[in-house]
Asks: 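Quick one: the structure is below, and I'll ask about it shortly.
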Amino acid sequence: AETLRIATQRGFSKDFLDFFNQVQAGEAVCGNALKSVKRVIAEDVTTSPVLVGTPALQVILADGCRSVQSTPLLTRNGRLLGIFSTHYGVPRRFTDSDLRLLDLLARQAADLIERFQNDEKLRESRQQIAAILESAMDAIISVDAKQRIVLFNRAAEKMFRCTASEAIGAS
């Protein structure tokens, strides 16, 4: 089962954060958005079928929330990254303009998260390649389009009796 965790938040009580620390697909507003991969809105939490009769309702009300929306964060190819939720202190009917703004924020957040994840994967791949190159028994030298050395591993240092810092940048 998929589980949501709060990655970042502002203004919620410890009780709220403890209760919603892990939300399963189908639970509360955000869990329903996770399950359906569609925005879920509770214009008034006291009358929302998603929340009425659940322990979540009392926790939400105790934190002064009366309206909630949860929008999936999707990559441009449709992969779900998480859920973006906003809570309001009064019941709220969302206008088309509100929803367009939430969609824009969700798109930007998804793009940033995906970029961060891709940068992290790239960093890990580079570290793995660097470890492989440094542990190789054979000399490995790489040059750029101008025939300048850009990579000079430890085995190359031994073979050519010069350090990588001396070799890199040389032709």
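Positions are given from 1, in the same order as the sequence printed here.
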Asks: I'd like to know if Ile41 and Val50 are part of one continuous hydrophobic network [Ile/Leu/Val/Met/Phe/Trp/Tyr, side-chain heavy atoms within less than 4.5 Å].
Replies: no

Asks: Looking only at heavy atoms, which two atoms of Ala139 and Met159 are closest? And how far apart?
Replies: CB-SD, 3.9 Å

Asks: Applying salt bridge (Lys or Arg N to Asp or Glu O under 4.0 Å), name anything that partners Arg93, two or more places apart in sequence or on another chain.
Replies: Glu43

Asks: Applying salt bridge (Lys or Arg N to Asp or Glu O under 4.0 Å), name anything that partners Glu120, two or more places apart in sequence or on another chain.
Replies: Arg123

Asks: Show the nearest heavy-atom pair for residues Ala42 and Ser67, with the distance to one decimal.
Replies: O-OG, 3.1 Å

Asks: Under 4.5 Å between any side-chain heavy atoms of Leu73 and Ile113, yes or no?
Replies: yes

Asks: In terms of hydrophobic clusters joined by side-chain contacts under 4.5 Å, are Leu34 and Val59 together?
Replies: yes

Asks: Could you tell me the separation between the CD atom of Gln9 and the CG atom of Leu17, rounded to the nearest 0.5 Å?
Replies: 4.5 Å

Asks: Measure the shortest side-chain to side-chain distance between Thr46 and Leu61 over non-hydrogen atoms and say whether it is less than 4.5 angstrom.
Replies: yes

Asks: Between Leu99 and Val37, is there shared hydrophobic-cluster membership here, with clusters defined by ILVMFWY side-chain heavy atoms closer than 4.5 Å?
Replies: no

Asks: Taking the side chain as everything from C-beta on, heavy atoms only, tell me whether Val68 gets closer than 4.5 Å to Thr86.
Replies: no

Asks: Just how far is it from atom CD of Glu27 to atom CZ of Phe20, taken to the nearest 0.5 Å?
Replies: 9.0 Å

Asks: State, with a plain yes or no, whether a side-chain heavy atom of Leu151 is found less than 4.5 Å away from one of Leu133.
Replies: yes

Asks: Decide yes or no for Gln117 and Arg79: does some side-chain heavy atom of the first lie under 4.5 Å from some side-chain heavy atom of the second?
Replies: yes

Asks: Is it the case that the side chain of Asp98 and the backbone of Thr95 share a donor-acceptor pair, with hydrogens and angles ignored and the cut-off at 3.5 Å?
Replies: yes

Asks: Report the distance from atom NE2 of His87 to atom OG of Ser70, rounding to the nearest 0.5 Å.
Replies: 6.0 Å

Asks: According to a hydrophobic-cluster definition based on side-chain heavy atoms being under 4.5 Å apart (Ile, Leu, Val, Met, Phe, Trp, Tyr only), do Ile83 and Phe16 belong together?
Replies: yes

Asks: State plainly whether the residues Asp111 and Arg107 are in salt-bridge range, i.e. N to O under 4.0 Å.
Replies: yes

Asks: Which residues satisfy the ring-ring contact (aromatic ring centres under 6.0 Å, His included) test with Phe94, sequence neighbours excluded?
Replies: Tyr88

Asks: Does one hydrophobic cluster hold both Leu102 and Leu74, with members joined at side-chain heavy-atom distances below 4.5 Å?
Replies: no

Asks: Just do the side chain to side chain contact (heavy atoms under 4.5 Å, CB included) check on Ile141 and Phe160 with the steps written out, would you?
Replies: CA-CA 11 Å; Ile141 301 169; Phe160 295 102; 3.4 Å; yes

Asks: Once you round to the nearest 0.5 Å, how far does CG of Asn118 lie from OG1 of Thr75?
Replies: 9.5 Å

Asks: So, for Ala136 and Asn153, which heavy atoms are closest and what is the spacing to 0.1 Å?
Replies: CB-ND2, 4.0 Å

Asks: Under 4.0 Å between a Lys/Arg side-chain N and an Asp/Glu carboxylate O for Arg92 and Asp44?
Replies: no

Asks: Could you tell me whether the side chain of Ile140 reaches within less than 4.5 Å of the side chain of Phe152, counting heavy atoms only?
Replies: no

Asks: Kindly compute the distance separating CD (Gln24) from OG1 (Thr3), expressed to the nearest 0.5 Å.
Replies: 3.5 Å

Asks: Would Asp18 and Lys14 pass as an ion pair if we require N to O under 4.0 Å?
Replies: yes

Asks: Can you tell me how far OG of Ser85 sits from CG of Leu4, rounded to the nearest 0.5 angstrom?
Replies: 8.0 Å

Asks: When you check the side-chain N and O atoms of Gln69 and Thr71, is any donor under 3.5 Å from an acceptor?
Replies: yes

Asks: Side-chain contact, heavy-atom cut-off 4.5 Å: Ile60 with Phe19?
Replies: no

Asks: Does a side chain donor of either Thr163 or Ser165 reach within less than 3.5 Å of an acceptor in the other side chain?
Replies: yes

Asks: I need the minimum non-hydrogen distance between Leu51 and Ala56, along with the two atoms involved.
Replies: CD2-CB, 4.1 Å

Asks: So, Ser13 and Asp15: side-chain donor and acceptor under 3.5 Å apart, yes or no?
Replies: no

Asks: Check Arg148 against Gly169 and note the closest heavy-atom contact, atom names and distance.
Replies: CD-O, 3.3 Å

Asks: Indicate yes or no for a side-chain donor-acceptor contact from Asp63 to the backbone of Cys65 under 3.5 Å, with no hydrogens or angles considered.
Replies: no

Asks: Provide the closest heavy-atom pair for Val23 versus Cys30 in the form atom of the first, atom of the second, distance.
Replies: CG1-SG, 3.9 Å

